[in-house]
Every structure is written in structure tokens, then in C-alpha cells.
Amino acid sequence: MEKFTKLTGVAAPMPLINIDTDMIIPKLFLKTIKRSGLGKNLFDEMRYDDQGNEIPDFVLNKPAYRNAQILIAGDNFGCGSSREHAPWALLDFGIRVVISTSFADIFFNNCFKNGILPIVLPQEDVDKLMEDASRGANAVVTVDLENQVITGPDGGEIPFEVDAFKKHCLLNGLDDIGLTLQKADKIEAFEKEYGAKMPWV
Amino acid sequence: MTAKTLYDKIWDTHVVSTDEDGTSLLYIDRHLVHEVTSPQAFEGLRNAGRKVHAPDKTIAVPDHNVPTTLDRLNGVENEESRIQLEALDKNARDFGVHYYPVDDVRQGVVHIVGPEQGWTLPGMTVVCGDSHTATHGAFGALAHGIGTSEVEHVLATQTLIQAKSKNMKVEVTGTLPEGVTAKDITMHIIGLTGTAGGTGYVIEYTGDAIRSLSMEGRMTVCNMAIEGGARAGLIAPDETTFEYVKGRPHAPKGADWDKAMEYWKTLYSDDDAHFDKVLTIKAEDIAPSVTWGTSPEDVLPITATVPAPEDFEGGKVDAVRRSLEYMGLEPGMKLTDIEIDTVFIGSCTNGRIEDLRAVAEVVKGKKIKDGMRAMVVPGSGLVRAQAEEEGIAQILQDAGFEWRLAGCSMCLAMNPDQLQPGERCAATSNRNFEGRQGRGGRTHLVSPAMAAAAALTGHLADVRDL
């Protein structure tokens, strides 16, 4: 996993609430057996018309946001399915940070496994960033994970919370499986005791 | 001893270790695998030279991509679907996990197969790369969806790195009115809490109305816990649960059964256990429900009218405006005036035998509306066989329904069963998102009985009036 330390990039506003995983990456693109290449179909049904042409009004099709690396989104971003194709598509497009008032649980976890930082902020902070992001290419925002602070285009700072373990993994680009396998002896001991107690499992 | 909730008890039993910051390593008893969210995980194992840690606790079944037409054994036409199905076949065989291939009568939707085969048992931890894993909570098992990275983690270690959720209790008191089903309960709850109302929680469903449900009904309730944003839904096991589990192929037998029963009977929330949030609902207040918008929280009784954006607040105003435009609906129109051209009965929400019986009861001796496309997709090959044996399949076909083979079908349209742009479907599935059943398709979520009513009348209809 690619590390995440500090990022300065264009923020794109998506004020719609309940942006679900079917919007982020529709089902027909889940048939891949790879993790890469999904960026071109990110938000496919919102981004392209029935003939496959770009819809100019869609935020990521506008010149100012084509290289956005940060999304500012409405409440409950990522609700719906467990498909990790959603963060894979965001990442492949170039999005490394999503900011909202709330996220769906599974999507939130999936982000951290892929070097994407989802940030939960109070409504007023999201409103402020949404307004900043609406300024287009001038809306350059810096997200500093180490210090847990977002710096807006006017220099205003917004602190944010992040789980300590998840922060550690992101900062160092750590692979969970490697970390867990360091506890192989504990897993083995658990299995022995548990198996004796509950042989039917 | 501190009073514990059911969730606390299951959690505590499965903790392998806990770090200083409270992050725990949780042991996983059952890992269900399907073809869409697993190929990258198996590839990761191969690349790292790792094995599946517990193949005997891992169960694979293809469901999302499989066509449901009778000719499917001749091969899958769509190349990408075929590659994904072949990948699961190879991975299941190479890594030696339990596997129900597409030509096995036990094949079906993964969340129907698990309980049916007795893989899902009370007190277990169950995960799958699929959000509707919440279904298994009906057995008093802690069950939730995971992403592909976590699928790989569970394959490699049989554990998951987890932070504990908060406890929520949703109590449904009293007796369900006639025509109101488990599906209406779960939709009604999401209508009240919203799709983010359960975020950060595990919900335990309690109360007389829940207790009176069959296992099939309980699975329907827990299935949609995820639509309310919860990590998982739970129902404490009782005689109904034990009766369902007993004798299933992978349920414990003999002395193991007695030992298991002794343990399972301890699986309930203690009287004075603490819940962070409690919601109490009277069963009498629940009506046959339908969704009108593009979020599962857009729920109303069938007797209501389509709302206006101005009826809402905040970000929901624009969301409703967008929904109504997508759905092609005008505020103020009666829900029962919404014309339907497609009916889909099936999915992990409502693809079990009881659901098919409910449809048969409504349509017996009648015909579906002229021009209606209506399909019944049993949740598994065994549900299909049972429905044929009970004569249900014949009743459904006589009424004009297509009788399909098991799979996820039109719930998510990754297979040939899809809506065309502008088509409008009464569906017994779980999501009414934009494009969910096919680009431009419009979905109204309903119970099986209500879907049957729509099939007969050609519009959303109150099953109580038929």
C-alpha cells in the first residue's frame, strides 16, 4: 500500500448526500479480476451519458477538477455494498482523501486498506470546505496526516480525528496481513483453546 | 459480573488479542466467498506464497454473475462474467475450500446457502465480501460484510482487525397486523432511522413481533441492517433457531449438539445490559411498505402519496429532487397509482421458501397483468426443488411468472437479468439505488406479497385490498 503522509491538491465538491457504491462504481465494472484500471469508470453513470460521452456539468469533468485529489462530499458517503472496487476506482482516478460528515462503515474501512484517507468533520467544517472547493482550481487544500490538520485555500486550519492504528498503517504504508501474521502464535493458542471448548465450530 | 449484551458476549468469545488502543484481533468462524469480491484476494495470497489458513471454515459459491436461465450450464456468454466464475472455480479447488459449483443443486445466493447447509450457527462470527452478510445475524451470529483486502486477511489468518461497535436495541412490540411481513418491519425501521442511523452500531432486534418471526423472516430483517448503516444485525437464538438448525448437514450432531445447545442457550442480552441507543416500535404502527425514491430510507406505507422535496430538510431536499426526477414521479401522486412493468421476486432478502409461498398464496388461480414481465428466482437450488415439490412452482408459472434457477439475478444486475432505462420494477430485493437493477431502471422495494399484488394489478397495490 502506498503511504499517505501529506497531500496538497485540488478539492472537488460533491454536496449530494448518500452517494452510494453503485454510483461510485456501477456493477458492470465489478467483473474485473484486477484492482487497477477502474478510474475511468469512477462515477460512470453520473459522468457519462448513454452514448459514453462526458456530461460536461459533472464536477470531475470540469477542467478545474479533472485532476482533483480530494473529494468533499455530502453525508453518508459510500453507503451500500462492500465492493472494494469503490476505493480502487477513487484511487485509480487519483483521489487520496474524501471528506464528509459521515461514511458508511465498510467503505470507510476499505479506504484505509488502499492508502485513501477518509476524514469525518462536523457539518460546519464540511460546509466551509465545500464552499472553498466550489472555487475550482483555486481550491487547493493541504491534508497533513501526521499533524491531523487540513489547511484551506485561505490558510484556515481545521483539525481532524483519526484512529491511531489506522494512522500508523497509512503513514507507514503497512500491510495488515504482515502485522497480523506476527501474532501467529496467539492465533494458534486461541484456536487450540477455543477448539477444545467448541468442537462443533 | 458485568451485564453484557449479546454482541458483547460474542465479541468477547472471539477476541484473540487486544492492543493498547483497543483495536482487537477477532477470530472468524465462517468465511463465505463469492466470485466478485474474492479474485484479487486469492491473487494476493498466491503472490505472497500464502495458504488459506482454515479451508474447512471457508465456503465458496458463485452467485452474483450466474445467469438464471435453464440453459446456463451450456456456458456463460458474457466473457468477463465467465472469467470471474472460472477464477472462483480454480481458486476454490486450488486452495481446497468447501465449494458449491454452479451445477450443484445446493448452489445459490451465498447468504441463503450458508444457513441452509448449517454453516451458520448461533454465537459464531461470520464474514463475507458482501454487505448482506448481515443476514446471518438472524441466528445470533455476529455477521458482517468486508472488503476484498479483508477477505484476503481472513483467508490468510482467519482473523480480522476490528474496533468494537456500539450497541443499539430495536424493539418491535406487539403483533404484526395482517398483510405486514418481516420485509415491512425492516423497511419501516430504515424509514425511521435513515440509512446512516445505524452507523457505528450493531443492532439487536428484540420484542414479540421479532420473536414471532420464522427464521426466514428473521433473516429478512437482519439482511437489511446494513441498509440502515449498521455493522451487523442480531437476533438472540431461541427454540425457533434451534429447530431450524437441527439436522442440517453441517450442524453439530450427537454429543456435540448437546454441548452446543448448552452454550447457545447463554446467548442473549442480560436484563440490565447497557445499550447506547434504544428504539421501540409498535408492530401495530407498521403497514405494508414501499420505497418511492432512490435510497432505502425513502419508505412509506402503501396508502401514502409521493412526498415533495420541500417536505424534507438539509441535504435531503436536493437528494429528493434528484430522486423524483430519476424515478419519474410527481409529488402528491398516490403510491398505488404508480404503474409497474417488471416484478422481481428473489435475492438474499426474499428468496427463501417462505417468500415464494407468500407469493403463491396471493397469485394462486390468478393471472399477472398483460404485458408484465415477472420472474421468480429462488435463492438456492434447494429452495427451487422444495417449491417444485410443494406445487408452488406450478402455481407461479400458471399465473405467468418465469421460473428461474438460483442466483442474485436482478437484485444487482451483474448477470443478464437487468432493467432497461425507464423500466419500473417492484422488487423484493434490498437496494433501490440509481442504476442498481440496470442503468436508468427504477426500483420500488416491497415484500413478496406486495410484489405479487403489483404483478396482478400492474401497479403498486395494497395486498390487503386483494
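Proteins get letters first, then strands, A, B, ... in listed order; numbering begins at 1 in each.
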Pick from B/Thr23, B/Ile146, B/Ile83 with the largest number of heavy-atom pairs that fall under 4.5 Å of chain A: B/Ile146
Heavy-atom check, side chain of B/Gln40 versus side chain of A/Trp88, under 4.5 Å: yes
B/Arg439 (side chain) donor-acceptor with A/Pro26 (main chain) under 3.5 angstrom: no
Proximity breakdown for A/Ile33 and chain B, heavy-atom pairs closer than 4.5 Å: both
Side chain / backbone / both / neither for B/Met414 at chain A, heavy atoms under 4.5 Å: both
Structural part of A/Met46 lying under 4.5 Å from a heavy atom of chain B: side chain
Heavy-atom pair count under 4.5 Å with chain B, highest-scoring of A/Lys113, A/Arg35, A/Gln123: A/Arg35
Side-chain donor-acceptor contact under 3.5 Å, B/Asp29 with A/Tyr194: yes
Chain A contacts, top residue of B/Leu412, B/Leu121, B/Asn430 (heavy-atom pairs, under 4.5 Å): B/Leu412
Minimum heavy-atom distance between A/Trp200 and B/Pro252, given as atom pair plus value: CB-CB, 3.5 Å
A/Glu191 portion near chain B, given a 4.5 angstrom heavy-atom threshold: side chain
Value rounded to 0.5 Å, distance of CD in B/Gln437 from CG in A/Asp22: 10.5 Å
Contact class of A/Lys197 relative to chain B, heavy atoms under 4.5 angstrom: backbone
Engaged part of B/Asp56 at the chain A interface, taking heavy atoms whose separation is under 4.5 Å: neither
Residue part contacting chain B, namely of A/Asp175, when any heavy atom lies under 4.5 Å: side chain
With A/Lys6 via side chain to side chain contact (heavy atoms under 4.5 Å, CB included) - residues at least two apart: A/Thr142, A/Asp144
Steps toward side chain to side chain contact (heavy atoms under 4.5 Å, CB included) verdict (A/Met23, B/Phe433): CA-CA 8 Å; A/Met23 285 181 181; B/Phe433 295 157; over 6 Å; no
Donor-acceptor contact below 3.5 Å, side chain B/Gln84 vs main chain A/Leu30: yes
Identified side-chain hydrogen bond (donor to acceptor under 3.5 Å, both in side chains) partner of B/Thr195 from the options A/Asp75, A/Asp20, A/Asn76: A/Asn76
Per-residue contact mode, A/Phe108 against chain B (heavy atom under 4.5 angstrom): neither
Chain A contact via B/Glu434 - which portion, at a heavy-atom distance below 4.5 Å: both
Polar side chain donor-acceptor pair, A/Lys186 to B/Ser17, under 3.5 angstrom: no
Contact origin within B/Asn78 toward chain A - heavy atom pairs under 4.5 Å: side chain
Contact winner vs chain A - B/Asp318, B/Asp130, B/Ile226, heavy-atom pairs under 4.5 Å: B/Asp130
Nearest heavy-atom neighbours spanning A/Ser81 and B/Ser131: CA-OG, 3.6 Å
Distance-minimising heavy-atom pair for A/Ile177 and B/Ala156: CG2-CB, 3.9 Å
Nearest-0.5 Å distance that lies between atom OG in B/Ser149 and atom CG in A/Asp176: 8.0 Å
Check: B/Leu25 main-chain N/O paired with A/Lys183 side-chain donor or acceptor under 3.5 Å: no
Proximal component of B/Lys57, with respect to chain A [non-hydrogen, under 4.5 Å]: side chain
From CA spacing to verdict: side chain to side chain contact (heavy atoms under 4.5 Å, CB included), B/His53, A/Ile187: CA-CA 11 Å; B/His53 180 88; A/Ile187 297 173; 4.3 Å; yes
Between A/Glu84, A/Met1, A/Lys31, the one whose heavy-atom pairs under 4.5 Å with chain B are most numerous: A/Lys31
Check: A/Gly80 main-chain N/O paired with B/Arg431 side-chain donor or acceptor under 3.5 Å: yes
Chain B interface, residue from A/Lys166, A/Glu45, A/Glu193 that has the most non-hydrogen pairs under 4.5 Å: A/Glu45
Structural part of B/Ser81 lying under 4.5 Å from a heavy atom of chain A: both
Trace of the side chain to side chain contact (heavy atoms under 4.5 Å, CB included) decision for A/Asn109 with B/Arg231: CA-CA 11 Å; A/Asn109 281 325; B/Arg231 168 155 300 178; 3.3 Å; yes
Exam field: side chain A/Lys27 to backbone B/Arg436, donor-acceptor pair closer than 3.5 Å: yes
Euclidean distance, B/Ile161 CD1 relative to A/Cys169 SG, rounded to 0.5 Å: 6.5 Å
Greater than 12 external heavy atoms within 6.0 Å of A/Asn67's CG: no
Residue B/Asp256 versus chain A: region with a heavy atom under 4.5 Å: both
Side-chain donor/acceptor of A/Arg83 to backbone N/O of B/Thr37, under 3.5 Å: no
Spacing of OG belonging to B/Ser24 relative to CZ belonging to A/Phe165, to within rounding of 0.5 Å: 11.0 Å
Side-chain donor-acceptor pair present, A/Thr32, B/Glu80, cut-off under 3.5 Å: no
Among B/Glu152, B/Glu43, B/Met124, B/Glu227, residue most engaged with chain A (heavy-atom pairs, under 4.5 Å): B/Glu152
Distance-only side-chain donor-acceptor flag, B/Glu150 / A/Asn110, under 3.5 Å: no
Contacting region of A/Ile106 [heavy-atom separation from chain B under 4.5 Å]: side chain
Top contributor to chain A contacts, counting heavy-atom pairs under 4.5 Å, from B/Gln418, B/Arg50, B/Glu20: B/Arg50
B/Thr133 versus chain A, the contacting section by heavy-atom distance below 4.5 Å: neither
Among B/Ala260, B/Gly315, B/Pro421, residue most engaged with chain A (heavy-atom pairs, under 4.5 Å): B/Ala260
Which atoms of B/Val15 approach chain A - backbone, side chain, both or neither, heavy atom under 4.5 Å: backbone
Straight-line distance of B/Glu297 CD to A/Cys79 SG, nearest 0.5 Å: 8.0 Å
Side chain to side chain contact (heavy atoms under 4.5 Å, CB included) between A/Asn18 and B/Ser295, intermediate numbers included: CA-CA 8 Å; A/Asn18 293 332; B/Ser295 166; 4.0 Å; yes
Interatomic spacing from CZ in A/Phe190 to CD in B/Gln158 - rounded to 0.5 Å: 10.5 Å
